[in-house]
Amino acid sequence: MGADHSSPTLRHMSMETHLLVPDDHGLGRAATILRAGGLVAMPTETVYGLAADARNGAAVAQIFAAKGRPRFNPLIVHVADLSMARDIALFDARAEAVAAKFWPGPLTLVLPVRATAGLSPLVTAGLTTVALRMPAHPVAQGLLRAFGGPLAAPSANPSGKVSPTTAAHVQEGLGGKIDAVLDGGACSVGLESTILGLDGAPALLRPGGIPVEALEALLGPIAAGGNADKPNAPGQLASHYAPDAPVRLNAKAPQDGEVWIGFGPECRGAHLTLSATGDLVQAAAALFQTLRDADRLAGPGGKIAFAPVPDHGLGRAINDRLNRAAAPRP
Ligand code: TXA
Ligand code: MG
């Protein structure tokens with residue numbers, strides 16, 4: 001494939017998307033594709049990411065094209081280790097402490113970007129800050145090491161659709177538009193990283209895989225800091241994570257024609273459940289797969305209804321995604 005990518009802007013609209021086994025050979029092939037400016041979907045502990053060389057503008061532009069992103073939202077930069085992170089952003093004492101405790105893991109830090117970072121301006125969308133994450137998944141770590149540089153990676157789904165937690169989900173959404181998928185099985189956390197702004201007072205930009213309570217134990221109170229998905233339009237609820245069927249929330253029982261998704265033992269009789277025992281960790285891991293299953297069960301004209309999920313710990317991230325899934329569609 002390597003030669004095909006010397007000129008990524010001239011790539012064909014439809015290409016073969018290779019499914020790669022994440023052994024040394026597969027990681028080596030993936031790194032070669034990335035060096036040539038191609039796109040590789042990689043498993044992380046949160047969701048699958050669509051990775052490109054963060055220093056190659058043409059490669060990063062292909063991410064937006066493949067996802068059909070309507071505009072150039074800034075992307076998260078994935079790093080192999082702290083020294084790579086410190087080359088890109090300025091770490092103060094708080095950032096060092098948070099990284100020491102929660103990295104590698106499902107936490108993204110928004111920090112002042114260094115003038116010498118060398119990132120494509122598309123990655124930061126012209127901001128003075130950069131979003132950085134060190135993933136814990138061994139395949140993501142293996143790819144970052146094999147590639148040897150920072151990787152820009154949004155979730156590997158068409159814009160606005162449900163995020164992928166398996167290689168098959170990636171193929172379903174982006175097959176034919178990207179070069180390869182590293183198959184690392186199902187993601188253990190199941191929803192995206194928590195985004196913490198540390199360029200000023202600590203701000204929660206997106207609830208996610210690290211509960212905000214755990215961050216507050218280290219940093220003190222954290223303000224809800226705007227909306228990372230819509231930095232220019234705070235307060236507007238973006239439709240996102242949307243299945244085809246309409247979604248109703250806080251449903252204690254199903255109405256006619258609805259697929260009812262339960263949470264906890266009181267939802268006996270639900271068609272599907274996020275967690276029969278009411279376990280938020282299990283519910284987060286099951287969320288996106290369950291949305292896909294519900295969509296399939298609902299069929300054309302069908303509807304989806306979710307039982308209430310408590311709004312603490314990972315429940316906050318689950319409810320954030322459910323609110324977006326239920327938001328009015330554009
Ligand atoms: O778990 C995750 O975070 C996954 C995996 C693949 O790592 N990635 C992910 O990326 O969710 P994405 O592109 O879907 O979400 C990135 C979010 C966007 O909402 C974007 O607005 C925000 O990060 N973001 C990126 N850079 C930012 C910055 N400098 N300031 C504020 N928000 C930023
Ligand atoms: Mg996303």
Side-chain angles (χ1 to χ4, degrees), residues 39-52 54 60 63-64 66-79 88-90 102-113 117 119-137 139-141 143-144 150-165 169-170 173-174 181-182 184 187-200 203-210 225-234 238-242 284 287-288 317 320-321 324-325:
L39 302 183
V40 176
M42 64 171 176
T44 81
E45 69 276 28
T46 58
V47 300
Y48 275 68
L50 182 57
V60 174
I63 291 180
F64 293 96
K67 282 180 64 84
R69 263 210 200 195
R71 62 198 184 91
F72 291 148
N73 261 351
L75 302 175
I76 295 175
V77 176
H78 296 69
V79 294
I88 293 171
L90 291 164
F102 294 103
W103 277 2
L107 177 69
T108 295
L109 298 180
V110 172
L111 298 170
V113 66
L119 301 175
S120 156
L122 275 180
V123 170
T124 50
L127 299 171
T128 56
T129 53
V130 60
L132 279 183
R133 171 158 123 76
M134 188 195 299
H137 197 293
V139 176
Q141 288 195 348
L143 182 61
L144 283 160
L151 291 173
S155 51
N157 52 289
S159 188
K161 297 292 184 184
V162 178
S163 297
T165 54
H169 296 165
V170 177
L174 296 177
V181 185
L182 280 161
C187 302
S188 61
V189 176
L191 45 74
E192 293 84 348
S193 61
T194 301
I195 304 182
L196 177 67
L198 280 181
D199 52 321
L204 181 69
L205 301 180
R206 177 177 72 186
I210 298 282
N227 182 339
D229 281 330
K230 279 218 153 186
N232 300 322
S239 167
H240 210 97
Y241 310 99
L287 178 63
F288 291 144
D320 172 80
R321 306 305 186 269
R324 289 168 204 268

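Each ligand, and each atom within it, is numbered from 1 in the order the structure gives. We're numbering straight along the sequence, starting at 1.
- The shell of residues lying under 4.0 angstrom from ligand 1, judged by heavy atoms, includes H78.
- Listed by atom number, the atoms of ligand 1 under 4.0 Å from P154 heavy atoms are 10 (O), 12 (P), 13 (O).
- The side chain of R69, and not its backbone, has at least one atom closer than 4.0 Å to an atom of ligand 1 (non-hydrogen atoms only; side chain from C-beta on).
- Closest to atom 8 (N) of ligand 1 by heavy atom, among A89, A153, P106, A125, is A153.
- Contact between T124 and ligand 1 is absent, with no heavy atom of the residue lying under 4.0 Å from the ligand.
- Geometrically, ligand 1 and Y48 share no nitrogen or oxygen pair separated by less than 3.5 Å.
- Exactly one of V77, L144, V123 qualifies for a side chain to side chain contact (heavy atoms under 4.5 Å, CB included) with P150. That residue is V77.
- Side chain of T108 to main chain of A131: no donor-acceptor pair is present (N/O by atom type, distance under 3.5 Å, no hydrogens or angles).
- Note on R133 versus E45: salt bridge recorded, some NZ/NE/NH1/NH2 to OD/OE distance being below 4.0 Å.
- Each of the following atoms of ligand 1 lies closer than 4.0 Å to a heavy atom of G49: 6 (C).
- Comparing heavy-atom distances from atom 15 (O) of ligand 1 across E192, E45, R206 singles out R206 as nearest.
- Selection from N157, T194, I76 by nearest heavy atom to atom 16 (C) of ligand 1 gives I76.
- If you number the atoms of ligand 1 from 1 as listed, the ones under 4.0 Å from a heavy atom of A131 come out as 25 (C), 26 (N), 27 (C).
- Ligand 1 has no atom lying under 4.0 Å from any heavy atom of K67.
- Put simply, S155 gets within reach of the Mg ion (ligand 2), with an N, O or S atom under 2.8 Å from it.
- Between L50 atom CG and K67 atom NZ the span is 7.0 Å, to the nearest 0.5 Å.
- Taking any N or O of T46, backbone or side chain, at least one lies under 3.5 Å from an N or O belonging to ligand 1.
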request  = Quick one: do L132 and W103 satisfy side chain to side chain contact (heavy atoms under 4.5 Å, CB included)? Show the steps, please.
outcome  = CA-CA 11 Å; L132 279 183; W103 277 2; 4.0 Å; yes
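- In summary, the atoms of ligand 1 found under 4.0 Å from a heavy atom of S193, numbered by their order in the structure, are 1 (O), 2 (C), 3 (O).
- Of all the atoms in ligand 1, the ones that sit under 4.0 Å from a non-hydrogen atom of T129 are 28 (C), 29 (N), 30 (N).
- Legend: residues meeting ring-ring contact (aromatic ring centres under 6.0 Å, His included) with F102, ordered by chain and number and at least two apart, are absent.
- We find the OG1-CG distance between T128 and D199 to be 7.0 Å, quoted to the nearest 0.5 Å.
- Of all heavy-atom pairs between C187 and Y48, the closest is SG-CD1, 3.5 Å.
- Listed here is the closest heavy atom pair of S155 and P164: CB-CD, 4.4 Å.
- R321 is listed as a side-chain neighbour of E192, based on a closest heavy-atom distance under 4.5 Å.
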